Amino acid sequence: MKSYSIKELLTKQPVGDSVEVNGWVKTFRSNRFIALNDGSTIHNLQCVVDFENADEALLKQVTTGAALKISGTLVESQGKGQTVEIQATAIFVHGTADPETYPIQPKKHSLEFLREKAHLRVRTNTFSAVMRVRSTLSFAIHSYFQQNGFYYMHAPIITGSDAEGAGEMFRVSTLDAKKPPVDENGEVDFTEDFFGKETNLTVSGQLEAETYAMALGKVYTFGPTFRAENSNTSRHLAEFWMIEPEVAFNDLAANMDLAEDFIKWIIQYVLDHCKDDLEFLEGRLSDEEKTKPQNERSEMTLLEKLKFVVENNFKRVSYTEAIDILRNSNPNKKKKFQYLIEEWGADLQSEHERYLVEKHFKCPVILFDYPANIKAFYMRLNEDGKTVRAMDVLFPGIGEIVGGSQREERLDVLQQKIKALDIDEKELWWYLDLRRFGTAVHSGFGLGFERMVQFVTGMGNIRDVIPYPRTPQNAEF
């Protein structure tokens, strides 16, 4: 007897065949109808039990969450809701689930409750759908870059440099936390640490990726990154995944072209390969929207939002033009923005980015040429001396989803910027070597993977799109 996944049975439908299927019980109705799911699809398979001739002790073990193997004949369904079902001839219980203690019962659970049961929440329809989409999106990212001549580079997770200059990093150390060695100034002596210097978990693989782009031409990283910001918002994680392509000989315009093409391709891939899960998540989001005040509801459904990105050209707007638009906008004039735009040089907030996308341009937006003093040291200084060749891609409902730039390729300018920011040049000797030996124009960007998963699935909290969220005061599981 051939064993199938539920997805195979629902798509291939070998009606009349003797089949075997494994999965977990979603519901068991009338001592007769088992709804089984094995994680391969959002849809359950109905298995019909001849309860009059079944072992009563066995049926008592068929409870929500129990793992079963069911053998029988696949037939056309007589009832509504499914095209085929299994007429069960044998049931084997792999593992029981006590209904008194199993927490994922067939009822509505809050997302907060499910975060406390992160090891079991993927058995719910919502989280199984989100994690299948996450997996498909991950594959799409690798597929895009592999098909376009990029090489996958594994950037180090332990690093001695801070690419962002943010300072909010997790230290990596084997020193005694209670009695670390100290030098003559009373400071912790990191020369006695494992690596002989102070090291941290990486906030970005960008700087290392640049070194490889300047030899292999086109590379990308896709790995875990870490930020030690004490932030408890729905947009921040302490551990998350980043995609960072770097391309030699690409200027800012080519970088914007790459970001737009990449984003559209991976979203279209998910639209093509996750239809059932996206339709389920769209229905879930629609129900959630109904609970919000009218003025807070999205004007687009989930699928409309995804198609909106794929089907519209991204509008390219300079930071200076965007500031003028925002300064003269009704929300700014009527003081509806939480952060009012009063002068050039302001750091844009999510509310400003969303206004540009959703209200003003009504399409995805790429902002470029930001003030130098609000961007990182490695971004190329423009001829005006006050802006850099930075770019941010802005999406509906989320604001910034991609940040990137043309990198500063001139040694003297980069050295001046490092000195002005009081960064130790000795720490970046290897990065500066790229400008000493065969320097060239090059560009790249970073995409926070969880932000993209959040956008594609419509989930409101970033903690619900990663298997085990790491946040302040929480490293459970």
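Computed over heavy atoms, backbone and side chain alike; hydrogens, waters and symmetry mates excluded. Source: prediction; values computed, not measured. In this chain, residues are counted from 1 in sequence order.
- Distance check, rounded to the nearest 0.5 Å: OG of Ser231 to CD of Glu168 gives 10.5 Å.
- A salt bridge links Glu358 to Arg354: at least one charged side-chain nitrogen sits closer than 4.0 Å to a carboxylate oxygen.
- Using cut-offs of 30° and 60° for the angle between ring planes, the Phe314 and Phe395 rings count as perpendicular.
- The ring-ring contact (aromatic ring centres under 6.0 Å, His included) analysis of residues 181-202, with sequence neighbours excluded, yields no pairs.
- Close placement of the His142 and Tyr220 rings is indicated, their centers lying within 6.0 Å of each other.
- A distance-only check finds a donor-acceptor pair linking the side chain of Thr11 to the backbone of Lys7 [under 3.5 Å].
- Within a 6.0 Å sphere centred on CD of Gln473, other residues, nucleotides and ligands contribute 12 heavy atoms or fewer.
- The cationic group of Lys375 lies under 6.0 Å from the six-membered ring centre of Tyr370 and within 45° of the ring axis, placing it in a cation-pi geometry.
- Within 6.0 Å of the CG atom in Asp422, the count of heavy atoms belonging to other residues, nucleotides or ligands does not exceed 12.
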- Can you check side-chain hydrogen bond (donor to acceptor under 3.5 Å, both in side chains) on Tyr378 and Gln206, steps first, answer last? CA-CA 10 Å; Tyr378 50 72; Gln206 178 206 313; 3.1 Å; yes
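- Atoms CH2 and OH, on Trp24 and Tyr102 in that order, are 9.5 Å from each other to the nearest 0.5 Å.
- The pair Asp464-Arg115 meets the salt-bridge criterion, with a side-chain N (NZ, NE, NH1 or NH2) lying under 4.0 Å from an Asp/Glu carboxylate O.
- Side chain of Thr202 to main chain of Ile158: no donor-acceptor pair is present (N/O by atom type, distance under 3.5 Å, no hydrogens or angles).
- With salt bridges taken as basic N to acidic carboxylate O contacts below 4.0 Å, one links Glu409 and Arg380.
- Contact detail for Met452 and Ile266: the closest heavy-atom pair is CE-CD1, 4.1 Å.
- The backbone N or O of Arg451 lies less than 3.5 Å from no partner atom in the side chain of Arg235, so there is not a single donor-acceptor pair.
- A cation-pi arrangement, defined by a distance under 6.0 Å to the six-membered ring centre and an angle within 45 degrees of its axis, is present between Arg435 and Tyr431.
- Between the Asp424 side chain and the Lys426 main chain, a donor and an acceptor come within less than 3.5 Å of each other.
- Checked by atom type, the side-chain pair Asp369/Thr387 shows no donor-acceptor distance below 3.5 Å.
- Side-chain contact of Asn250 with His442: a donor-acceptor pair under 3.5 Å is absent, judged by distance alone.
- Counting only distance, with no hydrogens or angles, the side chain of Gln406 and the backbone of Leu252 share a donor-acceptor pair below 3.5 Å.
- Shown here is Tyr212, whose OH atom has no more than 12 heavy atoms of other residues, nucleotides or ligands within 6.0 Å.
- Judged purely by distance below 3.5 Å, without hydrogens or angles, the side chains of Trp430 and Thr211 never pair a donor atom with an acceptor atom.
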- Thr41/Asp276 under side-chain hydrogen bond (donor to acceptor under 3.5 Å, both in side chains): CA gap, chis, key distance, verdict: CA-CA 8 Å; Thr41 171; Asp276 289 349; 4.6 Å; no
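- Residues Met459 and Val130 meet the side-chain proximity criterion, which asks for heavy atoms closer than 4.5 Å.
- When atom types are taken as modelled, the side chain of Gln454 and the backbone of Gly460 share a donor-acceptor pair closer than 3.5 angstrom.
- Taking a cutoff of 4.0 Å between a charged side-chain nitrogen and a carboxylate oxygen, Arg171 and Glu198 qualify as a salt bridge.
- Residue Ala475 comes nearest to Arg470 through the heavy atom pair C-NH1, 3.5 Å, listed as atom of the first residue, atom of the second, then distance.
- The existence of a salt bridge linking Arg284 and Asp287 is excluded, since no basic side-chain nitrogen approaches an acidic carboxylate oxygen closer than 4.0 Å.
- Heavy-atom neighbours of Glu299 CD from other residues, nucleotides or ligands within 6.0 Å: at or below the threshold of 12.
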Can you check side-chain hydrogen bond (donor to acceptor under 3.5 Å, both in side chains) on Trp241 and Thr225, steps first, answer last?
CA-CA 6 Å; Trp241 288 68; Thr225 50; over 6 Å; no
So Tyr152 and His154, ring pair (Phe, Tyr, Trp, His ring centres under 6.0 Å) or not? Walk me through it. CA-CA 7 Å; Tyr152 182 29; His154 297 107; 4.5 Å; yes
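- For the side chain to side chain contact (heavy atoms under 4.5 Å, CB included) test, residues two or more places apart in sequence or in another chain that qualify with Thr124 are Ile104, Leu114, Thr126, Phe127.
- The pair Lys292-Glu289 meets the salt-bridge criterion, with a side-chain N (NZ, NE, NH1 or NH2) lying under 4.0 Å from an Asp/Glu carboxylate O.
- With respect to Phe455, the side-chain contact (heavy atoms from CB on, under 4.5 Å) criterion is satisfied by exactly one of Ile263, Val465, Ile401, Leu302: Ile401.
- A tilted orientation is assigned to the rings of Phe445 and Phe262, their planes being inclined by 30° to 60°.
- Crowding of Lys26 atom NZ: a count of heavy atoms from other residues, nucleotides or ligands under 6.0 Å exceeding 12.
- Here Arg389 contributes atom CZ and Ser405 contributes atom OG; the two are 11.0 Å apart, rounded to the nearest 0.5 Å.
- Considering all non-hydrogen atoms of both residues, Ala129 and Ile42 come closest at CB-CD1, 4.0 Å.
- A salt bridge links Arg316 and Asp257; the closest N-O separation between the charged side-chain nitrogens and carboxylate oxygens is under 4.0 Å.
- A distance-only check finds no donor-acceptor pair linking the side chain of Gln146 to the backbone of Ser143 [under 3.5 Å].
- Aromatic ring orientation, Phe170 versus Phe226: perpendicular (interplanar angle above 60°, classes split at 30° and 60°).
- The backbone N or O of Ser40 sits less than 3.5 Å from a side-chain atom of Asp38, completing a donor-acceptor pair.
- Side chain of Glu351 to backbone of Tyr339: a donor-acceptor contact under 3.5 angstrom is found.
- With 3.5 Å as the limit, one finds a donor-acceptor pair spanning the side chains of Glu244 and Ser204.
- Electrostatic pairing of Glu246 and Arg407 counts as a salt bridge here, judged by a charged N lying under 4.0 Å from a carboxylate O.
- A heavy-atom distance below 4.5 Å is found between the side chains of Val402 and Met391.
- Other residues, nucleotides and ligands contribute at most 12 non-hydrogen atoms within 6.0 Å of the OH atom of Tyr151.
- Shown here are the side chain to side chain contact (heavy atoms under 4.5 Å, CB included) partners of Thr471, two or more places apart in sequence or in another chain: Leu237, Arg463, Asn474.
- Between Phe113 and His109, the ring planes lie parallel to each other; the angle is under 30°, not in the 30° to 60° tilted range.
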task: Show your reasoning for whether side-chain hydrogen bond (donor to acceptor under 3.5 Å, both in side chains) applies to Gln416 and Asp412.
output: CA-CA 6 Å; Gln416 288 168 16; Asp412 57 336; 4.8 Å; no
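- There is no side-chain donor-acceptor pair under 3.5 Å between Glu353 and Gln349.
- A side-chain donor from one of Thr301 and Glu282 sits under 3.5 Å from a side-chain acceptor of the other.
- A donor-acceptor pair under 3.5 Å links the side-chain atoms of His273 to the main chain of Tyr269, judged by distance alone.
- One finds a salt bridge joining Lys264 and Glu260 here, because a Lys/Arg side-chain nitrogen approaches an Asp/Glu carboxylate oxygen to under 4.0 Å.
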